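Source: prediction; values computed, not measured. Side-chain atoms are counted along with the backbone in the values below, which use heavy atoms only and exclude waters and symmetry mates. Chain A is the first sequence line, chain B the second, and so forth, proteins listed ahead of strands; every chain is numbered from 1.
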Protein chains: 2
Amino acid sequence: MRLTAKSEYGLLAMIDLALNSGEQPVSAREISERQAIPAKFLEQLMVQLRQAGLVSAVRGARGGFVLDRAAEEITVLNVVEALEGPLHTTVCDGDRAETCGRSGACAAASVWKQATAALRDVFTATTIADLSRTQVRLDDAAGTEPAHEG
Amino acid sequence: MRLTAKSEYGLLAMIDLALNSGEQPVSAREISERQAIPAKFLEQLMVQLRQAGLVSAVRGARGGFVLDRAAEEITVLNVVEALEGPLHTTVCDGDRAETCGRSGACAAASVWKQATAALRDVFTATTIADLSRTQVRLDDAAGTEPAHEG
DNA sequence: TGGAATCCCTACCAAACAAGTATGGTTTAC
DNA sequence: GTAAACCATACTTGTTTGGTAGGGATTCCA
């Protein structure tokens, strides 16, 4: 239940990959420059995305990353959980659940559960493909420097 | 977009007040003992709840707190925002919104907006009265030490 | 009148976390 | 064999979390 810059950067990176990786992989440096993400920080995120099975890495010169499945098959939830860990309630959880005495039988807990479920719904309903299309549309409308080149 | 122990404690305190304050106000110490919340920490939260206009304080001996309006009229969002501040997006916000270049025209931002809206919906749909009824039902079903006495 | 209970206020603190930075190793194309 | 890239680990700096400490100010009650 905690969203940080990691999730934002992660989404931007995944959108960038969806839009720019064709035959060739896209290097972390390219993404970092295009999306204005600190290079070394992005490197760490790419490792997590790889470990989560969302991207594949190509090592060595001319290496980089490619999406490991179709952008339609990667949800925002996949990216967020890869970077922030499983989306759980944060509150009324773990230790507290026992120390408060009413293990599970707590009215407050139901609200947190609903909140988590609502977030999960939103994050599951949107894919990287959706966001890529949205981004292209926004870039074209603005006529500014696009995040995609080809 | 960040939920901490404050919100949990705050909800428990509000439910406790709804269930236990009749003619007499309920002291922070009573709440702290019944709900297993550190006493001095709860005191701070009660100040915030008072400043947000959710509870009224009665000072001096035999003093305490009472809800400032009907439990039906106090939403979870009221309590959460009183304790955590306004419910905004955390990510793609503030500085970042400018530095990333695409001021507003960012596909990722739309997801965070939807997420915040979804949370707001959940928190607005539930009142302290709802939670109090739920808590009574849970306590009765469990047959354990209840959080209400009258 | 004087405790004692209670809210009120400010300050302080340790641990965890966020968001990077630094350094170097390993793999691969050219 | 060198440069480009990923990979791994450790460190840093500032903020937040979840409290604690210590003393006020107010009010009931004996």
For the residue pair [X] and [Y], what are the closest heavy atoms and their distance?
X: A:A108; Y: B:L12; value: CB-CD2, 4.2 Å
X: A:A28; Y: A:L42; value: O-CD2, 3.3 Å
X: B:G10; Y: B:L45; value: N-CD1, 4.4 Å
X: B:L19; Y: B:S132; value: CD2-CB, 3.8 Å

In whole Å, what is the span from the [atom1] atom of [X] to the [atom2] atom of [N]?
X: B:F65; N: C:dA5; atom1: CZ; atom2: P; result: 17 Å
X: B:M46; N: C:dT6; atom1: CE; atom2: P; result: 14 Å
X: B:L45; N: C:dC8; atom1: CG; atom2: C1'; result: 14 Å
X: A:L83; N: C:dC17; atom1: CG; atom2: C1'; result: 16 Å
X: B:L17; N: C:dC7; atom1: CG; atom2: C1'; result: 14 Å
X: B:R50; N: C:dC7; atom1: CZ; atom2: C1'; result: 8 Å
X: B:Q51; N: C:dT10; atom1: CD; atom2: C1'; result: 13 Å
X: B:L49; N: C:dC7; atom1: CG; atom2: C1'; result: 14 Å

In terms of hydrophobic clusters joined by side-chain contacts under 4.5 Å, are B:V66 and B:L131 together?
no

Under 4.0 Å, counting only non-hydrogen atoms across every strand here, what does B:G63 touch: a base, just sugar-phosphate, or nothing?
sugar-phosphate

Would you mind building the protein contact string for nucleotides 16-22 of chain D? One character per nucleotide, 5' to 3', B for base within reach (heavy atoms under 4.0 Å), S for sugar-phosphate only, - for untouched.
SSBBBBB

Is it the case that more than 12 heavy atoms not belonging to B:R62 sit under 6.0 Å from its CZ atom?
no

Please determine which of A:D68, A:V55, A:L54 meets the side-chain contact (heavy atoms from CB on, under 4.5 Å) test together with A:I74.
A:L54

Heavy atoms from C-beta onward define the side chain here; which of D:dA5, C:dC8, D:dC28 lies closest to that of A:R29?
D:dA5

Taking C:dA29, D:dC6, D:dA8 as options, the one with an atom nearest any side-chain atom of A:A61 is C:dA29

Think B:R62 has a side-chain N or O under 4.0 angstrom from the OP1 or OP2 of D:dC29?
yes

Is any side-chain N or O of B:R59 closer than 4.0 Å to OP1 or OP2 of C:dC9?
no

